[in-house]
Amino acid sequence: MGLQRRPDLAGAAHLELVSGVAQLRPQDAMVEAMVRGWRAQQAARGLREDTVTARERLVRRFLEYTNEYPWSWTPGHVDEWSLWLTSEKHLAPSTIRSYQGSLRLFSEFLIDGRYGWSVACEDAFGTHPVAICHEWNTIAHLNDYEGRPEARPFTREEIQRLLDYADDQVERAVRAKRKGALAAYRDATLFKVIYGWGLRRTEASKLDVVDFGRNAKAPQFGRYGTLNVRYGKAKKGQPPRRRNVLSVMDWAVDAVADYVENVRPRFGCEDHPALWVTERGGRVKPAEINARFVAYRDALKLPKALTVHSARHSYVTHLTEDGVDRRFLQQQVGHENDSSTAIYTHVSDDFMNTMLHRALAPALAPFPANKDR
C-alpha cells in the first residue's frame, strides 16, 4: 500500500515552506510562511482582500507587541495585550473583541492539524503553537448594541435646525458672491438624503445618479421613487449588501430632484456617475461629509454626541413615531434582525405616553351596562 498523500489545502505548511534551503533567519522565514499561508487559506475561502489585509496587519502588530514568535505565544500574552488596548489605547470593547477574533482565527489556523504548521514548528524548533484565545481572556459579545451610551438620534427640532442651517450657508455664499455656493448646495442636499432615506455615511458617498428609480406604487415621486443602495454594510469578508429603499418623504424627493436637475450640472461633470461630485470633478468622500457635518453641528452648538449616523437613527425613530410599520423600516435600513432596528429607535416621551394610553384604554374603559338588570 502506498503512502497516503497529504491534502494540498491552500495555506498548508508543505506548500509554503521551501524545502532543502538553509535560511539565515529560520524563525523569521517560518513566520512569513505562516502569514503567507493564512492569507492563501482566507483567499481560498473567498474573503475580500481588504479583510485579509486588515487581519494580517493585526497579527503583525501583535508580533511586534509580544516580541515573540507564534510558537511561543501564550494566553498570557493576549491578557497583557488586551489590558494595554483598554488602559493605554482606550479602544472600545467591540474593537478589542474584533482584534481578539482575528488572533483567534490565526491561532486556530496554526494549530489545525490539516495544515501542518504544528509539525513544521516541532521539527524546526522543538515546540509548537497553542491556542491563545479562550473564553476567559477574550471579550464576549453580550449586548446587541455596544456603541457609546451618549449616542442618540436628532430630535425633530435639532434635525430641522441642521437642515435649515445648511440651506442658509447656500444663501450666504450666493449673496456674498463667493466660491463654494455649489458645494454648500450639494452638502445641504446630501444631509437631506441621508436623513430622508436613512443612509449610512459611506452608503451616501457612493451613490450614483442612476441609483434613483421609479416606484409604480408611488408615481408622485417620478424618477425618485426608489433608491438602490449598492454599497450597504457588508458582513466580514463579504461584498457590500444591496438594498432598495423606497422614498417616503416628499420634501426630500423635491430636494434631490432640484439638485440633480438644476445644480449638479453646474459642476461640469456630466460624464461622472457620482451623485455628489466635487468642483474638481471627483466624488465626495465620507471624511468630507463628516467634516462638513461637524462644522455645522458645532456652529449650531448642538451636542457632540450627535454624528452623521445620528440622522439614520432619527429616520427610524421619527417614522416609528409617525406610525410606520417596524418590519417596513427594517427592510428600509437593511437590518437582518428586528432587534437591530429596535436599537435604532429612540422614541419621544410624547410617543411613549400615547402608546401607553392606547395600551391601557381597554383596561380602563367602563364596563357596558347590563341590560338584563
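Note that this is a predicted model, so its numbers are computed, not measured. Residue numbers count from 1 along this sequence.
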Is a side-chain N or O of Arg36 found less than 3.5 angstrom from the main chain of Glu16, in a donor-acceptor match?
yes
Tell me whether Arg200 contacts the main-chain N or O of Gly232 through its side chain, where contact means a donor paired with an acceptor under 3.5 Å.
no
Between Ser310 (side chain) and Thr307 (backbone), is there a donor-acceptor pair under 3.5 Å?
yes
Check whether any side-chain heavy atom of Cys133 sits under 4.5 Å from a side-chain heavy atom of Leu105, and report yes or no.
no
Contact between Leu306 and Leu162 at the side-chain level, heavy atoms closer than 4.5 Å - yes or no?
no
Would you confirm whether Ser98, through its side chain, and Ser94, through its main-chain N or O, come within 3.5 Å as a donor-acceptor pair?
no
Minimum side-chain heavy-atom gap Gln27-Val31 below 4.5 Å
no
I need the minimum non-hydrogen distance between Glu158 and Thr155, along with the two atoms involved.
OE1-N, 2.9 Å
Given 3.5 Å as the limit, does a donor-acceptor pair link the side chain of Ser107 with the main chain of Leu103, or not?
no
Neighbour count >12 (heavy atoms, 6.0 Å) for atom CD, Glu157
no
Who passes salt bridge (Lys or Arg N to Asp or Glu O under 4.0 Å) against Arg161, sequence neighbours left out?
none
Test of understanding: with salt bridge (Lys or Arg N to Asp or Glu O under 4.0 Å), list the residues that count as partners of Asp208, not counting sequence neighbours.
Arg230, Arg283
Heavy-atom closest contact (Asn228 atom, Leu207 atom, distance):
O-CD2, 4.3 Å
Distance from Leu9 atom CG to Arg114 atom CZ, nearest 0.5 Å?
6.5 Å
In chain order, what residues pass the side chain to side chain contact (heavy atoms under 4.5 Å, CB included) check against Ala181, with sequence neighbours excluded?
Ala173, Val174
Going by the side-chain hydrogen bond (donor to acceptor under 3.5 Å, both in side chains) test, which pairs reach into residues 126-140, not counting sequence neighbours?
Arg104-Thr138
With a 4.5 Å cut-off on side-chain heavy-atom distances among I, L, V, M, F, W and Y, is there a chain of contacts connecting Val308 to Leu302?
yes
For Phe267, I'd like to know if atom CZ has over 12 heavy atoms of other residues, nucleotides or ligands within 6.0 Å.
yes
Between the side chain of Arg297 and the main-chain N/O of Lys304, is any donor-acceptor distance below 3.5 Å?
yes
Here the side-chain hydrogen bond (donor to acceptor under 3.5 Å, both in side chains) pairs for residues 167-176, sequence neighbours left out, are Asp167-Lys192
Kindly indicate whether the side chain of Arg152, heavy atoms from C-beta on, has any atom under 4.5 Å from the side chain of His313.
no
Which pairs, with at least one residue in residues 263-281 and sequence neighbours excluded, count as a salt bridge (Lys or Arg N to Asp or Glu O under 4.0 Å)?
none
Is there side-chain contact between Val78 and Phe62, with heavy atoms separated by less than 4.5 Å?
yes
Not counting sequence neighbours, which residues clear side chain to side chain donor-acceptor pair (under 3.5 Å) with Arg201? List them please.
Asn290
Can you tell me how far CZ of Arg326 sits from CG of Leu329, rounded to the nearest 0.5 angstrom?
8.0 Å
Please evaluate residues His14 and Asp8 with respect to the criterion side chain to side chain contact (heavy atoms under 4.5 Å, CB included), reporting the C-alpha separation (whole Å), side-chain torsions for both, the decisive distance (0.1 Å), and the verdict.
CA-CA 8 Å; His14 72 277; Asp8 287 338; 2.8 Å; yes
Between atom NE2 of His309 and atom OG of Ser314, what is the distance when rounded to the nearest 0.5 Å?
10.0 Å
Under 3.5 Å: donor-acceptor pair, side chain of His318, backbone of Phe154
yes
Ignoring hydrogens and angles, tell me if any N or O in the side chain of Arg312 forms a donor-acceptor pair with the backbone of Gly198 under 3.5 Å.
yes
Are the side chain of Arg243 and the backbone N or O of Gln332 linked by a donor-acceptor pair below 3.5 Å?
yes
Once side chain to side chain donor-acceptor pair (under 3.5 Å) is applied, do any residues pair with Thr226, and if so which ones, sequence neighbours excluded?
none
Shared hydrophobic cluster for Leu319 and Phe328 (ILVMFWY, side-chain gaps under 4.5 Å)
yes
Let me check something: any side-chain donor-acceptor pairs from residues 117-125 under 3.5 Å, sequence neighbours excluded? List them with distances.
unit_1: Trp117; atom_1: NE1; unit_2: Gly11; atom_2: O; d: 3.0
unit_1: Ser118; atom_1: OG; unit_2: Leu110; atom_2: O; d: 3.4

Heavy-atom side-chain proximity of Asp28 to Tyr69 below 4.5 angstrom
yes
So, do Val209 and Arg223 sit near enough that their side-chain heavy atoms are less than 4.5 Å apart?
yes
Val284 vs Thr278, side chain to side chain contact (heavy atoms under 4.5 Å, CB included): CA-CA, chis, key distance, verdict
CA-CA 6 Å; Val284 171; Thr278 68; 3.9 Å; yes
Is there a donor in the side chain of Trp73 and an acceptor in the side chain of Thr66, or the other way round, less than 3.5 Å apart?
yes
Within the distance-only criterion (no hydrogens, no angle test), does the side chain of Asp322 pair as donor or acceptor with the backbone N or O of Val324 below 3.5 angstrom?
no
Taking side chain as C-beta onward, heavy atoms only, is Arg55 less than 4.5 Å from Thr51?
yes
Same cluster or not: Tyr231 versus Tyr315, using hydrophobic residues (I, L, V, M, F, W, Y) connected whenever any side-chain heavy atoms lie under 4.5 Å apart?
no
Can you list, pair by pair, the side-chain donor-acceptor contacts under 3.5 Å of residues 245-263, counting residues two or more places apart and other chains?
unit_1: Ser247; atom_1: OG; unit_2: Trp197; atom_2: NE1; d: 3.0
unit_1: Ser247; atom_1: OG; unit_2: Tyr224; atom_2: O; d: 2.5
unit_1: Ser247; atom_1: OG; unit_2: Gly225; atom_2: O; d: 3.2
unit_1: Asp258; atom_1: OD1; unit_2: Asn262; atom_2: ND2; d: 2.6
unit_1: Asp258; atom_1: OD2; unit_2: Tyr185; atom_2: OH; d: 2.1
unit_1: Tyr259; atom_1: OH; unit_2: Leu275; atom_2: O; d: 2.8
unit_1: Glu261; atom_1: OE2; unit_2: Tyr224; atom_2: OH; d: 3.4

Quick one: side chain to side chain contact (heavy atoms under 4.5 Å, CB included) partners of Asp50, sequence neighbours excluded?
Arg48
So, taking the atom named CD in Gln41 and the one named CZ in Phe106, what distance separates them when rounded to the nearest 0.5 Å?
10.5 Å
Within one Ile-Leu-Val-Met-Phe-Trp-Tyr cluster: Ile132 and Leu85, side-chain cutoff 4.5 Å:
yes
Intermediate values then yes/no, side chain to side chain contact (heavy atoms under 4.5 Å, CB included), Trp276 and Ile289
CA-CA 10 Å; Trp276 317 113; Ile289 297 174; 5.8 Å; no
Between Ser72 and His77, the two heavy atoms sitting closest are O-CE1, 3.5 Å
Can you tell me how far apart CD (Gln42) and CZ (Phe109) are? Round to the nearest 0.5 Å.
8.5 Å
Listing request: all salt bridge (Lys or Arg N to Asp or Glu O under 4.0 Å) pairs with a residue in residues 56-81, at least two apart in sequence or in separate chains.
Glu32-Arg60, Arg39-Glu56, Glu56-Arg60
Indicate, with yes or no, if Leu199 and Val294 share a hydrophobic cluster defined by side-chain heavy-atom contacts under 4.5 Å among Ile, Leu, Val, Met, Phe, Trp and Tyr.
yes
Test Tyr296 against Phe191 for side chain to side chain contact (heavy atoms under 4.5 Å, CB included), laying out the working first.
CA-CA 11 Å; Tyr296 287 1; Phe191 292 136; 3.8 Å; yes
